[in-house]
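All residue numbers refer to positions in the sequence shown, counting from 1. The analysis underlying the following values was restricted to heavy atoms, covering all of them including side chains, and did not include hydrogens, waters or symmetry mates.
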Amino acid sequence: MDLSKEIFWDVDQNLLDFERNCRFVIERVITRGKLSDLRKIMKYYGDQVIIEEAKKIRTLDQKSLHFLSIIFSIPIGDFRCYTQVQSKEAHWNY
């Protein structure tokens, strides 16, 4: 899959197993990717896989969380990162 290089700045994208590491790929695209990258993974994985994996992600910034909730019509309370909020704030406030 040809995704933006900036998404996986710390990982060799050629060695990445898109099936085995689907939650990692989905999380990176949601938080750091472009809209074109999101469309590519939606075509590759399908909406249902993205929804199920996104619900299991431990941490998401508020912007990404609300974006997913709106795009896929998922109640925000269904996301693990919303129900199990981290007690320590993130380093960056953006």
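- Lys40 contributes no side-chain N or O that, together with a main-chain N or O of Met1, makes up a donor-acceptor pair within less than 3.5 Å.
- For the pair Lys55/Phe72, no side-chain contact is recorded, criterion being any heavy-atom separation below 4.5 Å from C-beta on.
- The backbone N or O of Ser4 sits less than 3.5 Å from a side-chain atom of Asp37, completing a donor-acceptor pair.
- There is a path of hydrophobic side-chain contacts, each under 4.5 Å, that joins Val29 to Leu35.
- Going from atom CD1 of Ile76 over to atom CD1 of Ile70 covers 8.5 Å, rounded to the nearest 0.5 Å.
- The salt bridge (charged side-chain N to carboxylate O under 4.0 Å, His left out) check on Arg39 picks up nothing, with sequence neighbours excluded.
- When atom types are taken as modelled, the side chain of Ser69 and the backbone of Ile74 share a donor-acceptor pair closer than 3.5 angstrom.
- Between Glu19 atom CD and Tyr45 atom OH the span is 6.0 Å, to the nearest 0.5 Å.
- Two residues are said to be in side-chain contact when any heavy atoms from C-beta on lie closer than 4.5 Å; Ile41 and Leu3 meet this criterion.
- Considering only heavy atoms from C-beta on, Arg28 comes within 4.5 Å of Asp10 through its side chain.
- Relative orientation of the Phe8 and Phe24 rings is tilted, given thresholds of 30° and 60° on the angle between their planes.
- Pairing each heavy atom of Glu53 with each of Ile26, the nearest pair is CB-CD1, 3.8 Å.
- Phe67 pairs in a side-chain contact (heavy atoms from CB on, under 4.5 Å) with only one of the listed residues (Thr31, Leu60, Asp61, Leu38), which is Leu38.
- Using a 4.5 Å heavy-atom cutoff, the side chains of Arg80 and Arg58 are in contact.
- Phe79 CZ to Leu68 CG: the interatomic distance, rounded to the nearest 0.5 Å, is 5.0 Å.
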